[in-house]
Amino acid sequence: MTTALTGKAAEHYQQFMEGLARRNPGEHEYHQAVGEVAQTIIPFVFDKPIYQDAQILERLTEPDRIIIFRVAWEDDNGNVRVNRGYRIQHSNAIGPYKGGLRFHKDVTLSTFKFLAFEQTFKNSLTSLPMGSAKGGADFNPKGKSDREAMRFCQAFMTELSRHIGHQTDVPAGDIGVGAREVSYMFGQHKRLSNEFTGVLTGKGLAFGGSLIRTEATGYGAVYMLQDMLKHAGQDVEGKTACVSGSGNVAQYAAEKFTQLGGKVLTMSDSGGFILDPDGIDAERLAYVQELKNVKRARISEYVKQYPNASYHEGQRPWSVPCDVALPCATQNEISEDEAQKLLDNGCMAVSEGANMPTVPEGINKFIGAKILYAPSKAANAGGVAVSGLEMTQNSMRLSWTRDELDQRLREIMSGIHAQCVEHGTDGDHVNYLNGANIAGFIKVADAMLAYGVL
Ligand code: NDP
């Protein structure tokens, strides 16, 4: 990993990253996520022997526990299929393990380790008592019938249920795991344990789910953007945005951006992106939601309904001029060149709905240009925050109203913004990446110091 650090900090960083790469060979996404945090934390702890001597960063880059298991199930034709399941229980220093499940054909151990590591800082930033985890499987939900998804989810949960619990580890959804999958998994856990507890979040409203959870990640990313703009004396009103993805996070980021008076120009999926110069307003977004959530169809269908829009196969939206970028699809979806293109076209703010969507060289471009850049661990923490509120409601056996929850989400995102400003202000500029890393680190590190050597 290259670094902008100099002197002793750079030396320490190189040694640290070499050790990490040696112990975790070939896990490039994990190296990338740790490298990004280490660039902030190594100089931060340099004159703080209390953290250095306790080897906090070294301990935080070794997950508490890694669970890998076989998932065997039968497809609709009676064929036996085999997938690999994962759960990385990264840290329970500040609360039960907490983080989503991803079902995607390309996932590896590295994917889950990077996500679980990032989750540690994100959950800490929410100020709620949640540790960190992530998991899932290399199961491809695309094209599977409801029955196939059900059989897979039941087989997956049969093993995972041994390792989770409402005080131990509370999973949720992520890419490829939406309301359907969470429901099947919750049902299977309930059957196996003979207990109705809040062991998963993102549940249906009829069985312990929380209002606003579906919207929370996308709304939160836009609330973070709104706070950054306000801090810089600006507003969402009248701004244009490029959104990537058309799943859960993208849909609600687009909705909130539009509600606040902005215009969404693009959305995408893994096939390509659509550009609608008229703006993807509430009515058009409802059509996207029907396409993606009900018909499980491709975003390319959009142009049949709205012929003024264009479809760009195999491309990402970052060459379209916009004021704001909201990457909401997947990791490493903004390359260095695409980051430069966004800057060249006048983009002034990026709020990351997806996890680690910008490559490190792209992040350096954004930070070098001093635009408003909210890293995913801060910008997309709204989802897990409302999951935390779902856990609270389950424990209290009551449900808060939509307005109450939206208000709490709004306050949590403002709290995250304030922590970034407190720890990331450098002269007249806020480095939100440094701010998020340091604020997230301090809380977990202080808990670890209190426990002694574990
Ligand atoms: P969904 O499965 O609902 O949607 C994912 C979207 O991203 C789809 O449009 C999908 O397209 C696209 N996508 C997935 N993989 C790729 C790829 N390799 N290249 C291009 N496009 C891709 O997932 P979510 O909206 O829940 O998650 C999106 C991001 O947000 C992820 O990074 C996730 O970790 C992060 N996140 C989600 C949270 C949540 O609450 N859901 C919380 C915090 C972070 P296609 O349909 O073609 O696959």
Side-chain angles (χ1 to χ4, degrees), residues 29 33 98-107 111-112 114-116 118-119 121-123 125-126 130 132 134-136 139-143 171-182 200-202 209-210 212-221 224 243-255 266-274 288-289 291-293 295-302 312-318 326-335 338 351-358 374-388 390 409:
E29 292 155 314
K98 180 89 196 86
L101 297 169
R102 177 178 292 192
F103 292 166
H104 192 279
K105 65 182 175 45
D106 296 333
V107 293
T111 319
F112 293 118
F114 112 66
L115 288 164
E118 283 278 295
Q119 197 83 39
F121 298 83
K122 181 185 317 196
N123 292 5
L125 283 168
T126 66
M130 296 184 290
S132 56
K134 202 81 187 190
F139 169 75
N140 184 0
K142 282 196 192 117
D174 191 75
I175 291 180
V177 179
R180 174 180 76 172
E181 291 76 17
V182 168
L200 283 160
T201 57
S210 174
I212 293 285
R213 175 61 191 91
T214 311
E215 296 89 337
T217 310
Y219 278 18
M224 182 72 189
V243 174
S244 66
S246 48
N248 172 267
V249 180
Q251 290 173 16
Y252 290 99
E255 179 171 285
T266 69
M267 292 185 85
S268 71
D269 62 20
S270 52
F273 79 92
I274 51 125
V288 171
Q289 291 180 315
L291 266 184
K292 300 303 287 187
N293 307 353
K295 296 186 178 159
R296 294 184 188 269
R298 311 307 300 158
I299 197 74
S300 55
E301 299 281 308
Y302 182 95
H312 305 262
E313 189 164 349
Q315 291 180 49
R316 299 190 286 223
W318 313 124
L326 296 168
C328 297
T330 193
Q331 63 270 15
N332 292 332
E333 56 163 320
I334 300 182
S335 68
E338 287 166 324
S351 187
E352 294 184 336
N355 279 310
M356 205 169 77
T358 311
S376 49
K377 58 176 77 72
N380 71 26
V384 75
V386 176
S387 275
E390 183 174 331
L409 169 63

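Every number for a ligand or one of its atoms is a count from 1 in the order of the listing.
- At a 3.5 angstrom cut-off on N or O pairs, N380 does not count as close to ligand 1.
- Polar contact check, L115 against ligand 1: no nitrogen or oxygen pair lies under 3.5 Å apart.
- Looking at ligand 1, you'll find an N or O of G176 within less than 3.5 Å of one of its N or O atoms.
- Closer than 4.0 Å to atom 10 (C) of ligand 1 lies none of the heavy atoms of the protein.
- In terms of N/O distances under 3.5 Å, ligand 1 is not approached by Q331.
- Aromatic ring pairs are classed by plane angle as parallel below 30°, tilted from 30° to 60° and perpendicular above 60°; the pair H312 and F273 is parallel.
- Using a 4.0 Å cut-off between heavy atoms, E118 makes no contact with ligand 1 at all.
- Looking at atom 31 (C) of ligand 1, its nearest protein heavy atom turns out to be A329 O, 3.4 Å.
- Counting heavy atoms closer than 4.0 Å to ligand 1, residue S376 contributes nothing at all.
- Distance from atom 4 (O) of ligand 1 to its nearest protein heavy atom, with residue and atom name: G247 CA, 3.3 Å.
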Start with the C-alpha gap between K122 and S132, add the side-chain angles, then the distance that decides, and say whether side-chain hydrogen bond (donor to acceptor under 3.5 Å, both in side chains) holds.
-> CA-CA 9 Å; K122 181 185 317 196; S132 56; over 6 Å; no

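- The closest side-chain heavy-atom distance from R298 to K292 is below 4.5 Å.
- The NZ atom of K98 sits 9.0 Å away from atom NZ of K134, with the distance rounded to the nearest 0.5 Å.
- Regarding atom 3 (O) of ligand 1, its nearest protein heavy-atom neighbour is N248 N, 2.9 Å.
- Considering only non-hydrogen protein atoms, atom 42 (C) of ligand 1 sits nearest to T217 OG1, 3.4 Å.
- Atom 32 (O) of ligand 1 has as its closest protein heavy atom N355 N, 3.1 Å.
- Close N/O approach between K122 and ligand 1 is not found [any backbone or side-chain N/O within under 3.5 Å].
- Residues passing the side-chain contact (heavy atoms from CB on, under 4.5 Å) test with S376, sequence neighbours excluded: E118, E352, N355, P357, N380.
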